[in-house]
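Right, one structure below, let's go through it.
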Amino acid sequence: MARRKKIYEGKAKILYEGPEPGTIVQYFKDDATAFNAEKKAVIDGKGVLNNRLSEFFMTGLQAVGIPTHFIKRLNMREQLCRQAEIVPLEVIVRNFAAGSMAKRLGLEEGTQLPRPIVEFSYKDDALGDPLVPEEYIAAFGWATQQELDEIVSTALRVNDFLAGVMHGVGIRLIDFKIEFGRVWENEYPRLVVADEISPDSCRLWDVETGAKLDKDVFRRDLGNLTDAYTEVARRLGVLPTNVTHTTKPTMIN
Ligand code: UDP
């Protein structure tokens, strides 16, 4: 492929200029980081799995009427997306207590919450993405009040969708993080789900055993991260190799 202009390199992805104005290419790296990049590793195959899984979730969201930035997967590690102006918030939805919430409130991990809870971190690596009250968002101009209302209702719809899909394959959706971006249509901004949705940004526990199938495997040294992500992909049927085990040989004429 011709040399492309790099727009941005993050911890797990590189963004390149896309082939047409208003598009970008997301390249999924094998790099894993945790604790604000204090812990780092290269994990063979993670980028390929996350590219596939994010495609699966984003196209699923679009199918139920939730707009996303995703256009199409280009190859094993890249996807074409609409260029979006990222709202500087990590939007976290929690169904069960875990991670920072469990710590903050002294709750046992896995405690079911009375209802799904949406919370926000301000995206700033230097500050360690601090948790912020909802009131800050419009006050500091990170999003308008109208956008914020839409972000909350969309995040809860995404939660319903993801929790349902996961439940169908024996996985409990503990929590997840998504990001939103603005795309411009006829001079009006429209919010879309942007970035990625993958086991890097969700907590996924096996319903039966409670085994972790997400980035906590890396954060907490619980085993092989690629195996965990492969298991999620296998259950969701997004691995091409899956097909060979479920179909009979076919005659080639
Ligand atoms: N999360 C993420 N990126 C971040 C912080 C959190 O994707 O920079 C995800 C994380 O994987 C989990 C959810 O958001 O699914 C809630 O994370 P939490 O606030 O508990 O933070 P952590 O314990 O991961 O530091």
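Remember, it's a predicted structure, so these values are computed and weren't measured experimentally.
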According to a 4.5 Å side-chain heavy-atom criterion applied to Ile, Leu, Val, Met, Phe, Trp and Tyr, with indirect links allowed, do [X] and [Y] form part of one hydrophobic cluster?
X	Y	answer
Ile117	Trp205	no
Leu162	Phe70	yes
Val238	Val158	yes
Ile197	Val169	yes
Tyr229	Val48	no

Taking the six-membered ring of Phe218, is NZ or CZ of Lys39 closer than 6.0 Å to its centre and within 45° of its axis?
->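 Pair Lys39/Phe218 counts as cation-pi.
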Verdict with supporting geometry, Met166 and Leu204, side-chain contact (heavy atoms from CB on, under 4.5 Å) | CA-CA 8 Å; Met166 291 301 178; Leu204 306 169; 3.8 Å; yes
Keeping the roles fixed (side chain from Asp124, backbone from Leu127), state whether a donor-acceptor pair exists under 3.5 Å.
->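 It does hold such a pair.
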Is the side chain of Asp30 donor-acceptor paired with the backbone N or O of Gly45 at a distance under 3.5 Å, no angle test?
->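 Side chain of Asp30 to backbone of Gly45: a pair is present.
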Does the pair [X]/[Y] count as a salt bridge with the N-to-O cut at 4.0 Å?
X	Y	result
Glu17	Lys6	no
Lys123	Asp129	no
Asp206	Arg235	yes

Is the shortest side-chain heavy-atom distance between [X] and [Y] below 4.5 Å?
X	Y	answer
Glu196	Asn50	yes
Phe56	Leu236	yes
Ile14	Ile7	no
Lys5	Tyr16	no
Val118	Phe120	yes

Using 30° and 60° as the class limits, which term best fits the ring planes of Tyr122 and Trp142: parallel, tilted or perpendicular?
->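 The rings of Tyr122 and Trp142 lie parallel, inter-plane angle below 30°.
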Could you go step by step and tell me if Gln79 and Phe28 meet the side-chain contact (heavy atoms from CB on, under 4.5 Å) rule?
-> CA-CA 9 Å; Gln79 49 184 242; Phe28 287 75; 3.5 Å; yes
Rounded to the nearest 0.5 Å, what separation is found between the NZ atom of Lys177 and the OG atom of Ser201?
->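 OG of Ser201 is found 5.5 Å from NZ of Lys177.
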Value rounded to 0.5 Å, distance of CG in Asn95 from CG in Asp160 |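 If we round to the nearest 0.5 Å, Asn95:CG and Asp160:CG are 8.5 Å apart.
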Residue from Arg220, Lys103, Arg172 passing salt bridge (Lys or Arg N to Asp or Glu O under 4.0 Å) with Glu109 =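 Among the candidates, only Arg220 passes.
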What residue among Arg4, Lys29, Lys72 forms salt bridge (Lys or Arg N to Asp or Glu O under 4.0 Å) with Glu78?
->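 Looking at Arg4, Lys29, Lys72, the match for Glu78 under the salt bridge (Lys or Arg N to Asp or Glu O under 4.0 Å) is Arg4.
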Looking only at non-hydrogen atoms, find the nearest pair between Ala97 and Leu107 and report the distance.
->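 Shortest heavy-atom separation between Ala97 and Leu107 comes out as CB-CD1, 3.8 Å.
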Specify the closest pair of heavy atoms between Ala37 and Lys11, including all atoms of both residues, with the distance to one decimal.
->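 In this case the closest contact between Ala37 and Lys11 is CB-CD, 4.1 Å.
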Residue of the set Asp31, Asn51, Leu225 for which side chain to side chain contact (heavy atoms under 4.5 Å, CB included) holds with Lys46 =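 Output: one option passes, namely Leu225.
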